[in-house]
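Atoms within a ligand are numbered from 1 in the order they appear, just like the ligands themselves. Along the sequence shown, the residues carry numbers beginning at 1.
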Amino acid sequence: EYGITRPAGYKVSFHYNSQVEDMHFGKTHPMKPWRLTLTKHLVLGCGLQYAMDTFEAVSATKEQVRAFHDPDYVDFLAEVSPGTFEELCKMPRFASHAPPKHDYDAVDLGPFNLSTSPGADCPVFDGMSKYLFLYTGATLAATNQLTTNQSDIAINWSGGLHHAHRAEASGFCYINDIVLSIVDMLRVYPRVLYVDIDVHHGDGVEEAFQRQPRVMTLSYHRYGPYDDTGHKFFPGTGDLTDVGLKGTVGEHFALNVPIPSGIDDRQYKYLYESITGRTIEAFKPSAIVLQCGADSLGGDRLGQFNINIKQHGECVSFVKNMGLPLLLLGGGGYTARNVARAWCHETALATDNVLPDNIPMDLVPRPEAFMGRAHGEGKMYPAFNRLHVNDCKDSDLEYMVKRLDN
Ligand code: TV7
Ligand code: CA
Ligand code: ZN
């Protein structure tokens, strides 16, 4: 349709299972799995399936998930549903995992930071187990394509859930598919670089590998107080001084780029390319995992950056140009139409295709109006409805680059 061709000299695989789309975290919850429906429709509408090998994902097994997560937690996730939650909570094996109460939290939290209250970050919802094990299965299949040299780039837009801890759900993330992928990669690659352009700090991945010099984690994120409530932008970690666990061999194998609100394309490009470039030079990774959270786009419901789809995509192109095995994962992204446009554009970049500027639907007023349509009209690159005040001083950004360039 748009003259889509296969990339010359390398192979891309795309991993997905449409069953993840039907899930609902709750009426007002910002995480909307149907953003993946939009993405799928755009990707297929553009004909990008002809440029890559597409795989229907199957669920990860409990055993695979235990490669990082606590066995009790894995059993709980496999069995839990709104109907079984209360029952499971009473079982001593699970009850012992109840989280400490946070004062700011109005909702009741059960074991593993899970909850059936509608206001919870990590609610228990219908079909949840299916959803979790499917997005994880897709990431592991994508990883397998890379480690067996069957693909050069592998994509799973339903993965990238970077906040999940060993025995705790956090920030809309339950199973840390990224950690599971990297653990698997370490069987074959000497060194893996993890880069995270989600607007939130990739704390779960950083923590998992804080003692591991074979994995370097690099996260770009909004950091600091986010309004006058005194609360920090979630999860509140990822300061410039946080460089891995001090006194272990993992020290200096984590980097964090804390960013004030409103950063624009030019400033983001400067930070991203100087710091990612230097990191690759020094660390010499054997493979790269890029978490492409689309909540770093301008106009995101939760994010506070002002970057456009074009720059977001250039972050993908930049690491792709290193010519290393590359895993592309999704993550956050709360203005669904922008998420779909960004990830479709990035699927095109991964396969060396250029989409005309006017494909996807700038004119789509409401996401619902778009459902069921392949694509609308409008411009792809120009961006957003709501601009954040730019609190980034060029001199501060330059200082940060120098500081990180040991
Ligand atoms: C990867 N921000 C995940 C990002 C996770 C962010 C948060 C919400 C939120 C939750 C809701 C909701 C919300 C409008 C926004 C300190 C709290 C404050 C719960 C209300 N509306 C990723 C997680 C972050 C849930 N959490 O990186 C149900 O916003 O700030 C917090 C923690 C305690 C819990 N409360 C929020 O992008 C995928 N949550 C509406 C309904
Ligand atoms: Ca990040
Ligand atoms: Zn995020």
Review point. Does an N or O anywhere in D198 fall below 3.5 Å from an N or O of ligand 1?
Key: yes
**Study point:** For K32, side chain to side chain donor-acceptor pair (under 3.5 Å) partners two or more places apart
**Key:** none
**Study point:** F172/F234 aromatic ring centres below 6.0 Å
**Key:** no
Practice item. Check whether any N, O or S atom of H221 sits under 3.0 Å from the Ca ion (ligand 2). Key: no
**Study point:** Atom name of the N, O or S atom in H200 that lies nearest to the Ca ion (ligand 2)
**Key:** O
Review point. Taking the Ca ion (ligand 2) as the vertex, how big is the angle to OG in S219 and O in D196, rounded to 10°?
Key: 90°
Point to revise | Residue D295 vicinity, atoms of ligand 1 by number, heavy atom under 4.0 Å | key: 37 (O)
Exercise for review: Under 4.0 Å from a heavy atom of H162: give me the atoms of ligand 1 that qualify, with their elements.
Suggested key: 1 (C), 22 (C), 27 (O)
Check your understanding: So, does G119 sit close enough to ligand 1 that a heavy atom of it is under 4.0 Å from the ligand?
Key -> yes
Revision key, fill the gap. Looking at H200, the N/O/S atom that lies nearest to the Zn ion (ligand 3) is called ND1
**Study point:** Criterion ring-ring contact (aromatic ring centres under 6.0 Å, His included) against F233, the qualifying member of H221, H200, H388
**Key:** H200
Review point. Just which atoms of ligand 1 are under 4.0 Å from any heavy atom in L161?
Key: 38 (C)
Review point. Would you say the side-chain atoms of Q291 pair up with the backbone N or O of V195, donor to acceptor, closer than 3.5 Å?
Key: no
**Study point:** Sequence-distant partners of K62, side chain to side chain donor-acceptor pair (under 3.5 Å), two or more places apart
**Key:** D75
Practice item. May I ask you to decide whether E21 forms a salt bridge with K40, counting only side-chain N to carboxylate O separations under 4.0 Å? Key: yes
Review point. Between R278 and E281, is there a salt bridge with N-O shorter than 4.0 Å?
Key: yes
Practice item. Specify whether an N/O/S atom of H162 falls short of 2.8 Å from the Zn ion (ligand 3). Key: no
Exercise for review: Could you give me the CA-CA distance, side-chain angles and deciding distance for F76 and H97, then say whether ring-ring contact (aromatic ring centres under 6.0 Å, His included) is met?
Suggested key: CA-CA 11 Å; F76 195 92; H97 290 279; 8.9 Å; no
Practice item. Tell me which one of A164, P30, C173 gets a heavy atom nearest to atom 13 (C) of ligand 1. Key: P30
Review point. P118 heavy atoms, cut-off 4.0 Å: which ligand 1 atoms fall inside?
Key: 28 (C), 41 (C)
Point to revise | Structural part of H163 in contact with ligand 1, heavy atom criterion under 4.0 angstrom | key: side chain
Check your understanding: When the ring centroid of F253 is compared with that of F209, is the distance short of 6.0 Å?
Key -> no
Check your understanding: Out of the N/O/S atoms in D295, what is the name of the one closest to the Zn ion (ligand 3)?
Key -> OD2
Exercise for review: Say whether Y334, considering both its backbone and side-chain N or O atoms, lies within less than 3.5 Å of an N or O atom on ligand 1.
Suggested key: yes
Practice item. Could you grab the angle centred on the Ca ion (ligand 2), going from O in D198 to O in Y220, to 10°? Key: 70°
Review point. Does even one non-hydrogen atom of A120 get within less than 4.0 Å of ligand 1?
Key: yes
Check your understanding: Between K11 and D152, does at least one N-O distance fall below 4.0 Å, as a salt bridge requires?
Key -> no
**Study point:** Any N/O pair Q291/ligand 1 closer than 3.5 Å
**Key:** no
Practice item. Find all atoms of ligand 1 within a distance of less than 4.0 Å from any non-hydrogen atom belonging to L302, and give their numbers and elements. Key: 2 (N), 14 (C), 15 (C), 29 (O)
Point to revise | Proximal atoms of ligand 1 relative to H200 (non-hydrogen, under 4.0 Å) | key: 4 (C), 6 (C), 22 (C), 27 (O), 37 (O)
Check your understanding: Are T139 and H15 close enough, and set up right, to give a side chain to side chain donor-acceptor pair (under 3.5 Å), and what steps lead you there?
Key -> CA-CA 7 Å; T139 295; H15 302 263; over 6 Å; no
Exercise for review: From the options D203, T28, D196, D121, select the one whose nearest heavy atom is closest to atom 35 (N) of ligand 1.
Suggested key: D121
Review point. Are T351 and L48 close enough that some pair of their side-chain heavy atoms sits under 4.5 Å apart?
Key: yes
Review point. Got a salt bridge between D394 and R266, using NZ or NE/NH1/NH2 to carboxylate O under 4.0 Å?
Key: yes
Review point. Hey, is M31 one of the residues with a heavy atom under 4.0 angstrom from ligand 1?
Key: yes
Exercise for review: Using a strict 4.0 Å threshold on nitrogen-to-oxygen distance, state whether D352 and K320 make a salt bridge.
Suggested key: yes
**Study point:** Residue D198 atom name (nearest to the Zn ion (ligand 3); N/O/S)
**Key:** OD1
